[in-house]
Amino acid sequence: MYHLLLALTVLPAVFGQQVNVTLFLESQCPYCTKLLREQIWPFYITQPGVMNLQIIPFGKGDCQYDYNRNFACTCMHGPTECDLNRLQNCAISYFPRRHLGLVTCIQGLGTLREAFSRCLSRLSPRTQQKLIECSTTQTGELLNYYSMVNTHRTGIWPTAYVNGVFFDRSYPMAQKICENTDYC
């Protein structure tokens, strides 16, 4: 009983320390790849529970609704980037709380096929099929559209926000995150 009471009193204090981090990325942007692989992923592993992370993969591009009632998106780094953005958006949609490893794996890869073989291989066949289907259909394109809308609202991308405040990336993300919590 004592441990339960202790947990209930400590739990809100820990959760109150979470820092909201929002990243607006492009799947083939070299800076974004470096940020995810060298800063965000290592911080997530070494400081679990500190970040409340939201990733929005889209970047500089546009989506149009065509006469067949389909979305067609174009991306700054070409069609492959849109493919990979779709897969990242599908991963986020299917795994809202556990997508960072998958999104990081996909980030910076050369093709959708490479992402399927490298990043989905450890998932169940059923989950693999769901993600492949999502990323190659209008479901994924609709998710890209939603990411585009959110990205364009920022006016600048790729970019990061920490607790709703623009972060200019002039120093490491870990430092900025830890400035906003006592948990680090």
Give a yes or no on whether the backbone of [Y] and the side-chain of [X] come within a donor-acceptor separation of less than 3.5 Å.
| X | Y | value |
| --- | --- | --- |
| Asn68 | Asn70 | no |
| Ser27 | Glu81 | yes |
| His99 | Cys90 | no |
| Ser117 | Glu114 | yes |
| Gln39 | Ala174 | no |
| Gln128 | Leu120 | yes |
| Gln54 | Asn20 | no |
| Asn85 | Asn144 | no |
| Gln17 | Asp182 | yes |
| Gln88 | Pro57 | no |

A quick test of your reading: do over 12 heavy atoms of other residues, nucleotides or ligands sit less than 6.0 Å from OH of Tyr146?
no
Which heavy-atom pair separates [X] from [Y] by the least distance, and what is that distance?
| X | Y | result |
| --- | --- | --- |
| Leu84 | Leu109 | CD1-O, 3.2 Å |
| Val19 | Ile177 | CG2-O, 3.5 Å |
| Cys63 | Phe71 | CB-CD2, 4.5 Å |
| Thr159 | Arg169 | CA-NH1, 3.5 Å |
| Glu26 | Phe58 | CG-O, 3.6 Å |
| Cys119 | Leu102 | O-CD1, 3.3 Å |

Same cluster for Ile92 and Leu142 if Ile/Leu/Val/Met/Phe/Trp/Tyr side chains link at under 4.5 Å?
no
Is it true that the side chains of Arg86 and Asn89 contain a donor and an acceptor less than 3.5 Å apart?
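No donor-acceptor contact under 3.5 Å links the two side chains.
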Working for disulfide bond (SG atoms under 2.5 Å apart), residues Cys73 and Cys82
CA-CA 7 Å; Cys73 298; Cys82 281; 5.8 Å; no
